[in-house]
Amino acid sequence: MQAKIAKLVNSKAFEYFIIATILISAVLIGIETMSGLTAQQITLINMANNAILGIFVVEAALKIYAVAPKFQRYFTDGWNLFDFSIVVFSLIPFTGQYAMIGRLLRLLRVARLLSALPELRLIVSTLLKTIPSMFHVVILMMVLFYIYGVAGYNFFHETNPEYWGSLGTSLLTLFRVVTLEGWTEVMYLDLANHQWAWLYYVSFIVVGTFIIVNLFIAIVINNLDKIKEQTKAIEQTQRTEEDILHHIVVIRQKLQELEKDLHSKQ
């Protein structure tokens, strides 16, 4: 029985069913924001939400049962913990003035798409693995911002105090420039008083936007390749374990058949 449950929860059909349930939950959350809903419609939506919650509870129970008695296989998986915590929070009754919290917690069900889709799990895992690798790039960017911020203050604070009046304002201006959002407007204000101001802006954009952003992209791609290789290795290991277990089951069955034949001949 347990082997059948394990096969069910790991099947593609079960995965697609859970994804469809999450999408239906997302649609219901959107419908709840519509004005003019009747009491009957609200009741139907609440019944559907309760049914979806029931499906998630059954899903968690089946996955836990599938690994019993080695429950650590379920609870040591970060994605399983993520799904389980959403179910637990959804079971907490929020009524009265706390009803709004309950409705907001339903949004976490939509976030379950991150764990339901393998491709999204891969992307999120990559981003999490990339955070430590980005530490030195972030330091480099902070140094770059500080140097250009102090330089910009000294160059332009007298003629353009709105954008360069203090170090904090200068750093905010540089953040606007590095996002390439309306930076030309700021540059033209400084060009009116300093003909060489374009050198300052162009050099910062080249270094801050093109080089730094490309470093971030390179780190993400590098970690993505590493995680893909690790995922393939884990999948191969799991397949090998499943093959071994399958062979063990087959051998046991054959041994039992041989024992029966021996007993029948005696």
Side-chain angles (χ1 to χ4, degrees), residues 2-34 37 41-95 98-132 220 223-224 226-228 230-235 237-239 242:
Q2 189 177 19
K4 292 181 179 179
I5 295 296
K7 186 177 180 181
L8 171 66
V9 297
N10 291 317
S11 65
K12 285 290 183 182
F14 188 80
E15 178 184 325
Y16 293 148
F17 173 72
I18 295 299
I19 292 172
T21 304
I22 295 170
L23 292 175
I24 292 171
S25 177
V27 172
L28 290 175
I29 291 170
I31 292 174
E32 284 183 318
T33 63
M34 298 173 62
L37 292 175
Q41 290 172 333
I42 293 173
T43 302
L44 290 173
I45 291 172
N46 289 332
M47 290 175 60
N49 281 322
N50 291 332
I52 289 170
L53 178 57
I55 291 172
F56 289 154
V57 171
V58 171
E59 177 205 6
L62 290 176
K63 287 185 175 180
I64 293 172
Y65 176 75
V67 298
K70 298 179 180 180
F71 298 109
Q72 66 272 14
R73 291 177 59 186
Y74 179 87
F75 289 103
T76 54
D77 187 305
W79 291 112
N80 286 337
L81 283 176
F82 177 72
D83 294 342
F84 187 78
S85 62
I86 291 175
V87 172
V88 171
F89 284 128
S90 298
L91 289 172
I92 300 174
F94 291 97
T95 57
Y98 300 106
M100 180 64 70
I101 298 175
R103 286 194 290 270
L104 291 175
L105 286 175
R106 288 178 188 171
L107 287 171
L108 292 175
R109 299 180 189 177
V110 183
R112 281 209 55 194
L113 279 175
L114 298 177
S115 62
L117 294 173
E119 293 79 8
L120 289 180
R121 287 202 301 266
L122 181 64
I123 292 173
V124 173
S125 299
T126 301
L127 292 175
L128 293 176
K129 292 277 187 181
T130 302
I131 291 174
V220 171
N223 282 298
L224 181 61
K226 288 182 180 178
I227 291 177
K228 281 183 177 179
Q230 292 174 0
T231 304
K232 287 181 180 179
I234 292 171
E235 288 177 353
T237 303
Q238 290 175 344
R239 288 174 183 173
E242 290 175 358

> Can you name the residues that form a side-chain contact (heavy atoms from CB on, under 4.5 Å) with S11, not counting sequence neighbours?
Replying inline: L8, A13, F14
>> What's the separation between atom CD1 in I18 and atom CD1 in I52, rounded to the nearest 0.5 Å?
In response: 10.5 Å
> In this structure, are over 12 heavy atoms from other groups packed under 6.0 Å from Y74 atom OH?
Replying inline: yes
> CE/M47 to OG1/T43 distance, rounded to the nearest 0.5 angstrom?
Replying inline: 8.5 Å
> side-chain contact (heavy atoms from CB on, under 4.5 Å) with A26: which residues, sequence neighbours excluded?
Replying inline: V110
> Got a second to check how far I24's CD1 is from I55's CD1, nearest 0.5 Å?
Replying inline: 7.5 Å
>> Going by side-chain contact (heavy atoms from CB on, under 4.5 Å), name the residues that satisfy it together with Y65, two or more places apart in sequence or in a different chain.
In response: M1, Q2, I5
>> Let me confirm one number: the CD1-CG distance from I42 to N49, rounded to the nearest 0.5 Å.
In response: 12.0 Å
>> If the condition is ring pair (Phe, Tyr, Trp, His ring centres under 6.0 Å), which residues does F82 pass it with, not counting sequence neighbours?
In response: none
>> So which atom in R112 and which in D83 form the shortest heavy-atom distance, rounded to 0.1 Å?
In response: NE-OD1, 3.2 Å
> Who are the side-chain contact (heavy atoms from CB on, under 4.5 Å) partners of V27, not counting sequence neighbours?
Replying inline: I31
>> Out of the candidates V88, L91, L62, only one should pair with V57 under the side-chain contact (heavy atoms from CB on, under 4.5 Å) rule; please name it.
In response: L91
>> Restricting to ring pair (Phe, Tyr, Trp, His ring centres under 6.0 Å), what partner residues turn up for F56, sequence neighbours left out?
In response: none
> Are side-chain heavy atoms of T76 and L81 found at a separation under 4.5 Å?
Replying inline: no
> Tell me the side-chain hydrogen bond (donor to acceptor under 3.5 Å, both in side chains) pairs involving residues 15-28, sequence neighbours left out?
Replying inline: none
>> Test: salt bridge (charged side-chain N to carboxylate O under 4.0 Å, His left out). Region: residues 60-69. Which pairs qualify, not counting sequence neighbours?
In response: E59-K63
> Rounded to the nearest 0.5 Å, what separation is found between the CZ atom of F75 and the CG atom of N80?
Replying inline: 8.5 Å
